[in-house]
Amino acid sequence: MTAKIAYDDIEVGTELPSQTFPVTRAMLVQYAGASGDFNPIHWNEKFAKEVGLPDVIAHGMFTMAEAIRVVTDWAGDPGAVVEYGVRFTKPVVVPNDDQGATVEVGAKVAAKLDDNTVRVDLVATSAGQKVLGMSRAVVRLP
C-alpha cells in the first residue's frame with residue numbers, strides 16, 4: 001500500500017477527520033484473547049473495584065490502537081506510520097451496559113519533518129477526560 005495523502009499537499013495545522021470508537025466489555029474480552037492480557041481489571045468488575053478502580057477499564061494498548069486508526073485511515077496505509085507513542089493519563093472506564101464507553105479522537109499535523117514525514121498530534125478523550133497524553137505519530141507520505 002501507499003499513503004493516499006501527498007507530503008506536498010499537507011500544511012502544518014491540517015486537521016484529520018475525527019472519529020469516535022465504541023468500547024464494550026465484549027470487545028475487551030476479545031482483545032484479551034488476542035493479546036494474551038487477561039488481567040481481571042479488564043473484565044471483572046468486582047476485582048477492578050477491589051483494587052480501587054471505578055469499574056472495568058479498557059486495556060491501554062487497546063485504547064492506543066483505536067486512537068491511531070484516525071491516522072491510518074487518513075493516510076490510507078497503516079505502514080505509513082513509522083513512529084507512534086503515547087502516555088496513558090486516565091483509564092477508559094467501561095460500564096456493564098448495552099452502550100459501554102466511547103473514545104473520541106481528533107488529530108492534526110503538528111510539524112513537517114525531513115524525509116517526507118509529518119508529525120501528527122492526537123487527542124483522545126473518554127467521558128470528557130483526556131485518556132492519552134503526548135500522543136504523537138510520525139507518518140511517511142509520498
Side-chain angles (χ1 to χ4, degrees), residues 1-45 47-49 51-142:
M1 294 181 117
T2 302
K4 296 184 224 173
I5 307 295
Y7 178 83
D8 292 334
D9 296 337
I10 297 302
E11 296 178 19
V12 171
T14 298
E15 290 193 24
L16 284 61
S18 61
Q19 294 186 48
T20 299
F21 302 100
V23 184
T24 64
R25 295 271 179 101
M27 294 168 83
L28 298 183
V29 171
Q30 292 170 334
Y31 182 83
S35 69
D37 182 352
F38 293 101
N39 187 325
I41 63 173
H42 302 304
W43 57 270
N44 184 316
E45 185 174 330
F47 182 86
K49 289 182 176 182
V51 298
L53 295 168
D55 208 331
V56 164
I57 63 170
H59 303 74
M61 296 301 284
F62 174 86
T63 304
M64 188 177 173
E66 290 294 270
I68 197 64
R69 288 174 55 191
V70 167
V71 177
T72 59
D73 288 354
W74 169 75
D77 177 10
V81 177
V82 295
E83 237 178 87
Y84 178 45
V86 307
R87 289 192 181 152
F88 302 109
T89 56
K90 298 278 184 190
V92 175
V93 178
V94 184
N96 190 20
D97 59 18
D98 293 336
Q99 295 179 326
T102 57
V103 176
E104 297 85 23
V105 182
K108 69 177 177 179
V109 175
K112 291 185 84 169
L113 309 171
D114 297 331
D115 267 356
N116 277 29
T117 59
V118 296
R119 189 186 88 217
V120 177
D121 291 353
L122 297 89
V123 175
T125 60
S126 183
Q129 294 190 354
K130 193 172 180 181
V131 296
L132 299 177
M134 298 294 292
S135 185
R136 296 180 174 169
V138 175
V139 182
R140 179 164 287 116
L141 301 173

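Note that these values count all heavy atoms, side chains included, but never hydrogens, waters or copies made by symmetry. The first residue of the sequence shown is numbered 1, and numbering continues consecutively from there.
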Could you walk me through whether K90 and T63 pass the side-chain contact (heavy atoms from CB on, under 4.5 Å) check? CA-CA 11 Å; K90 298 278 184 190; T63 304; over 6 Å; no
Distance from [X] atom [atom1] to [Y] atom [atom2], nearest 0.5 Å?
{"X": "N96", "Y": "E45", "atom1": "CG", "atom2": "CD", "value": "6.0 Å"}
{"X": "I41", "Y": "L28", "atom1": "CD1", "atom2": "CG", "value": "10.5 Å"}
{"X": "D8", "Y": "L141", "atom1": "CG", "atom2": "CG", "value": "9.5 Å"}
{"X": "L53", "Y": "N44", "atom1": "CG", "atom2": "CG", "value": "11.5 Å"}
{"X": "M134", "Y": "R87", "atom1": "CE", "atom2": "CZ", "value": "5.0 Å"}
{"X": "L16", "Y": "I5", "atom1": "CG", "atom2": "CD1", "value": "8.0 Å"}

Shortest non-hydrogen contact from [X] toward [Y]:
{"X": "P95", "Y": "A101", "result": "CD-N, 4.2 Å"}
{"X": "A75", "Y": "V139", "result": "CB-CG1, 4.2 Å"}
{"X": "G100", "Y": "V94", "result": "CA-CG1, 4.3 Å"}
{"X": "D115", "Y": "R140", "result": "O-NE, 3.4 Å"}
{"X": "V70", "Y": "A107", "result": "CG1-CB, 4.1 Å"}
{"X": "T72", "Y": "P78", "result": "CG2-CA, 3.7 Å"}

Please check this pair: side chain of [X] against backbone of [Y], looking for a donor-acceptor N/O pair closer than 3.5 Å.
{"X": "W43", "Y": "F38", "value": "yes"}
{"X": "Y7", "Y": "V118", "value": "no"}
{"X": "T14", "Y": "V109", "value": "no"}

Tell me if the NZ atom of K112 is crowded by more than 12 foreign heavy atoms within 6.0 Å. yes
Relative to each other, are the rings of F62 and Y31 parallel, tilted or perpendicular (30° and 60° limits)?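 Rings of F62 and Y31: perpendicular, as their planes differ by over 60°.
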So do [Y] and [X] actually touch side chain to side chain, heavy atoms under 4.5 Å?
{"X": "E66", "Y": "V103", "value": "no"}
{"X": "D98", "Y": "T24", "value": "no"}
{"X": "V71", "Y": "Y84", "value": "no"}
{"X": "H42", "Y": "I57", "value": "yes"}
{"X": "M61", "Y": "F88", "value": "yes"}

Single hit among V92, V93, T20 for side-chain contact (heavy atoms from CB on, under 4.5 Å) with S126: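 When V92, V93, T20 are each tested with S126, the side-chain contact (heavy atoms from CB on, under 4.5 Å) holds only for V92.
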